[in-house]
Every structure is written in structure tokens, then in C-alpha cells.
Amino acid sequence: MKFTPEKYKIEDKPMHPFLDAEEIQDYLDNTISTPEKVRTIIQKSLNKNRLNLEDVATLVNTEDPALIEEIKEAARTLKRNVYGNRIVLFAPLYVGNLCMNNCEYCGFRASNTNAKRRTLTKQELIENVEALEENGHKRLILVYGEHKKYSPEFIAETVRTVYNVKKGPGEIRRVNINAAPLDIEGFRTVMESGIGTYQVFQETYHKDTYATVHLSGKKADFDNRLVSLDRAQEAGLDDVGIGALFGLYNWKFDVLGLVRHTNHLEACYNIGPHTISFPRLQNALEYKVRDEYKVSDEDFVRLVAILRLAVPYTGMILTAREPDHIRQQVLEFGCSQIDAGTKIAIGAYAEQYKKGQELDKEQFFINDERSLKDVIEDLVNQEYLPSFCTACYRLGRTGEHFMEFSVPGFIKRFCTPNAILTMAEYLEDYASEDTARKGWSLINRELDKFEDESYKKRVLERIEKIKAGERDQYF
Ligand code: SAM
Ligand code: SF4
């Protein structure tokens with residue numbers, strides 16, 4: 001993969017704020033989209049080259065519907081050629097909603113006296129993890145407000161607790177984190193508990209807008225958050241996730257912001273973000289999304305396709321904030337991870353919870369409330385292969401998304417077989433008869449596609465072991 005960085009006004013240096021709003025705006029104002037340019041850029045991406053800011057500005061400035069369709073089609077092609085048809089499933093688990101910040105858009109903000117505050121006790125955490133394991137989950141992201149109670153030691157302790165919960169055949173094999181940014185020492189402490197990815201979303205890369213929605217608390221410091229994942233890298237935690245909360249400011253600006261951030265991490269640490277998230281702003285308790293920067297469904301789908309082309313090696317995460325029909329479209333562009341069976345009210349996995357009665361416990365409102373079982377069935381019906389794979393992380397194959405993208409045959413050798421094996425486990429342990437029937441037939445169709453007979457035999461041997469009761473088989 002080739003990436004020739006542009007020269008930016010602010011030179012990239014580790015731990016130094018790098019974002020120049022005027023420069024991003026200049027790109028947006030002075031880049032003209034023509035069919036020739038768009039097609040050249042699309043080709044550049046399909047040839048596995050990273051796009052620079054000017055390229056991305058050209059794509060976001062494309063308004064001709066036919067050309068936008070070409071951009072989306074290119075993202076679909078990239079998905080087909082590179083990522084295969086597996087979709088990794090995970091669940092978010094909210095550990096606590098105490099918060100000292102005042103992010104205007106979030107139900108957990110300190111000034112929201114109507115939010116019921118709660119932190120799961122160790123026992124409650126265990127019960128919630130058990131409930132998730134009973135459904136078949138293997139990968140979690142733990143989410144926390146920003147509060148002195150949620151120290152690095154506290155976070156690390158919750159991670160260790162989660163890994164120790166084993167319910168029946170269930171276990172959690174990968175824990176990711178979405179929490180406040182830490183100092184270097186703090187990142188090290190959390191890393192040592194064995195986490196996968198640490199996510200910190202910048203929310204918006206437009207500093208002036210950022211200041212108007214982050215009214216007080218540590219998070220109000222834009223630059224401190226901007227370089228927080230540099231601190232993670234300095235601590236040796238190189239598996240980081242970035243994101244923007246679309247709807248706070250002009251989406252085109254924030255798409256460029258995400259790419260600029262990616263370029264900064266690559267320039268300073270030679271490793272880009274493992275994942276990019278693009279949550280779209282939702283109504284929350286005592287917060288209603290304003291119309292000014294609201295991102296329409298059309299623009300949202302378009303921005304995901306552009307991000308796919310801009311940073312082709314990165315995992316893209318889509319969440320239950322989006323309704324099913326948007327999920328369907330965006331999956332075609334190579335979103336490699338989605339959450340499933342999501343409940344974001346604190347403690348809700350273990351407790352009887354009826355939407356409408358206890359909304360005050362939620363951070364924001366979600367749009368896809370299907371159970372894990374339903375999501376799996378829907379994926380199978382659409383020929384996607386659900387995956388709970390955690391192999392790369394556990395075998396120390398770091399930068400797995402980069403490898404999927406750049407190592408020929410990586411998907412065939414590792415991702416598809418591991419998706420098949422984790423799906424086989426799921427079908428054996430958790431699926432209804434009907435899902436199991438459909439799931440096994442999908443697995444068989446996948447096996448038929450194997451070109452290497454000896455490799456197929458190795459996968460089949462492992463499937464037999466799973467059928468005989470062995471678990472956690474992977475390549
Ligand atoms: N407290 C930590 C922080 O702010 O980084 C981590 C947890 S916070 C609950 C996780 C993410 O939720 C935020 O980074 C933000 O992007 C997202 N979020 C907050 N309010 C939202 C809303 N109303 N709609 C959609 N996403 C929201
Ligand atoms: Fe707190 Fe995070 Fe919500 Fe902001 S987004 S109020 S920091 S939980």
C-alpha cells in the first residue's frame with residue numbers, strides 16, 4: 001500500500017495538535033469535483049493506495065448523483081475484492097454513567113439531573129456478562145462515562161472481571177474499551193489488562209463547534225483529546241479506534257478530520273487507526289438533534305462509502321444507532337463490525353427492561369433493537385457470514401485489518417475459516433433448529449468456495465472437533 005503524504009500547514013509531531021481548521025476548510029472550498037478526477041481517485045483507491053486530503057475533498061464535493069453512485073459502487077467493489085462476506089459481531093456493555101463532563105448531546109452529561117446514575121457492581125457486571133455469554137457473544141466493548149471513579153485501575157479491573165466470567169460454553173475473548181482518554185501511564189495500566197482496541201472519538205474536528213457543545217469538564221479541552229491516542233501509542237497501546245459524531249458540524253469537514261487524524265497517526269507512529277466509527281447523532285434525554293448539521297440518510301451512506309475508499313485498510317464499525325435499512329446499505333461498503341442485541345441502559349442485559357419505561361437510564365436512543373439471534377438470522381439470509389473471531393488479537397497478529405488488506409490471501413487463510421469456526425460454535429451452542437439449519441447450509445456453501453482442498457480439510461477437521469464438544473478452534 002502506497003501513501004504519499006501531503007505537506008500540511010502544521011507538521012505532524014507526536015503528541016502535538018495537528019489540526020488546522022482553515023486548512024481543512026481550504027480543501028473543501030478550493031477542490032472541484034470533475035468526473036475525470038473522481039474516476040482517477042476511485043482507481044487510486046481500488047489499486048490499494050491511501051487517499052490524501054485533496055482526494056477526499058474531491059469525493060465529498062461530488063454532487064452529481066451518477067458520480068456519487070460510482071463512488072458507492074467502488075466501495076462495494078472494494079468490499080467484495082478485499083473483505084469477503086464475513087461480519088464481526090460484538091455487544092457494547094455500559095459499565096457506568098457517572099460523568100463530570102457536560103457534552104450537550106449526551107444523556108449522561110453532569111448537568112442532566114434527570115439521569116439516574118449507576119455503576120455496575122462487580123456482581124452486576126458478572127451477571128451482565130453472563131447474560132451476554134448466554135446469548136453467544138464473544139466480543140464486548142465496555143463503555144464508561146468520564147469520572148474520577150473510572151480510573152485506569154478501575155477500568156483494568158473491570159476488564160479482568162469480564163475475562164474471568166465463564167457461563168456454560170460461553171466466554172468473552174476480546175474486550176475493547178470506549179472511555180475517557182487517559183495519560184500515558186493510565187493507557188499502560190489498561191493495556192496490561194489485555195484489552196483489544198481503545199476507542200476515543202473526537203466527536204467533531206471543528207474546534208469552534210467543539211467548544212460550543214463541550215461546555216465544561218476535562219473533555220472541553222479539544223487539543224488534549226485530539227492527541228490522546230498519541231499517548232496511547234506512546235504507552236505501547238497501538239490498537240486504537242477513532243470516530244466522529246456526525247451531526248455536530250458539517251459532515252464533509254469531519255470526514256476530512258478523520259482522514260487527517262489517520263494521516264497524523266501514520267506519520268508519527270507508522271500505524272493507522274484499527275477502526276473508524278461514525279456514530280450519527282441521536283436524540284437523547286433532554287437533547288434534540290438540531291437541524292443545521294443533521295446528516296440525511298443519503299449523505300450518511302455516501303460518507304461511509306467515501307471513508308471506505310479513503311482508508312481502505314481500516315475496520316469500520318457501524319452501531320445500533322442506525323436503523324436496519326441503513327445498516328443494510330452500509331454493510332455493502334465493507335463495514336466489518338456491527339453490534340448486535342444491543343442494550344445501552346446500564347445493567348439492562350441482566351435485568352428485565354422494557355423500552356419506554358426506563359429511558360432515563362440511556363445515553364441516547366437506539367434504532368436497531370433486534371436480538372443477536374435475529375441479527376444473525378438476517379445476516380445469514382443475506383449470505384453474510386457472522387463471525388465472533390478473535391484470533392489475530394490472541395495470536396499477536398497485530399494490525400490485522402492492515403494485513404487483511406495487504407497480505408494476499410489473508411482473508412481466505414484466516415478470516416473466512418475463523419468466521420466459519422466461530423459460527424459453527426454458535427450454531428452448536430446457541431442457535432434454534434431453524435437458524436442452525438440455515439447456518440450450516442451457509443457454512444457448506446462457504447466451504448464449497450475453498451480452492452485449496454488441503455486447507456478445506458483442515459477446516460473440516462476443526463468443525464468435527466467442535467461438533468465433538470471442543471471449543472475455541474482457530475487459525
Ligand atoms: N465518556 C467517554 C467519552 O465521552 O469519550 C466514552 C463513552 S461515550 C458514552 C461514547 C460515545 O457516545 C461518545 O464518544 C459519543 O460519540 C457517543 N454519543 C454521545 N451522545 C450521543 C448521542 N446523543 N447520539 C449518538 N452518539 C452519542
Ligand atoms: Fe460524559 Fe462521554 Fe457522555 Fe460526554 S459523551 S457526557 S464524556 S459519557
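Indexing begins at 1, ligand by ligand and atom by atom, following the structure's order. For reference, positions follow the sequence shown, starting with 1.
Looking at residues two or more places apart in sequence or on another chain, you find a side chain to side chain contact (heavy atoms under 4.5 Å, CB included) between Ala91 and Leu132, His137, Leu140, Tyr349.
Each of Asn52, Asp20, Asn263 was evaluated against Tyr8; a single residue qualifies, Asn263, per the side-chain hydrogen bond (donor to acceptor under 3.5 Å, both in side chains) test.
Lys72 and Glu332 are not joined by a salt bridge, as no carboxylate oxygen comes within less than 4.0 angstrom of a charged side-chain nitrogen.
Under 4.0 Å from ligand 1, the heavy atoms of Arg280 that appear belong solely to its backbone. By the criterion of a heavy-atom distance under 4.0 Å, the side chain of Phe201, and not its backbone, is placed next to ligand 1.
Atom NZ of Lys9 has more than 12 neighbouring heavy atoms from other residues, nucleotides or ligands inside a 6.0 Å radius.
By the 6.0 Å and 45° rule, Arg174 stacks over the aromatic ring of Tyr393.
Among the atoms of Cys99, no N, O or S atom falls under 2.8 Å of atom 3 (Fe) of ligand 2.
At under 3.5 Å, not a single nitrogen or oxygen of Tyr94, backbone or side chain, sits near a nitrogen or oxygen of ligand 1. Polar contact check, Tyr287 against ligand 1: no nitrogen or oxygen pair lies under 3.5 Å apart. Inclusion of Asn283 in the set of residues having an N or O under 3.5 Å from an N or O of ligand 1 is not warranted.
Of all the listed residues (Gly96, Ala180, Cys106, Cys103), Cys106 holds the heavy atom that lies closest to atom 3 (Fe) of ligand 2.
Each of the following atoms of ligand 1 lies closer than 4.0 Å to a heavy atom of Val143: 7 (C), 9 (C). With ligand atoms numbered from 1 in the order given, ligand 2 contributes 8 (S) to contacts under 4.0 Å with heavy atoms of Gly145.
With hydrogens and angles disregarded, a donor-acceptor distance shorter than 3.5 Å links the side chain of Thr189 to the backbone of Glu185. No side-chain donor-acceptor contact under 3.5 Å links Glu322 to the backbone of Leu318.
In this structure, Arg225 is part of the shell of residues with a heavy atom less than 4.0 angstrom from ligand 1. For the pair Lys219 and ligand 1, a heavy-atom separation below 4.0 Å is found.
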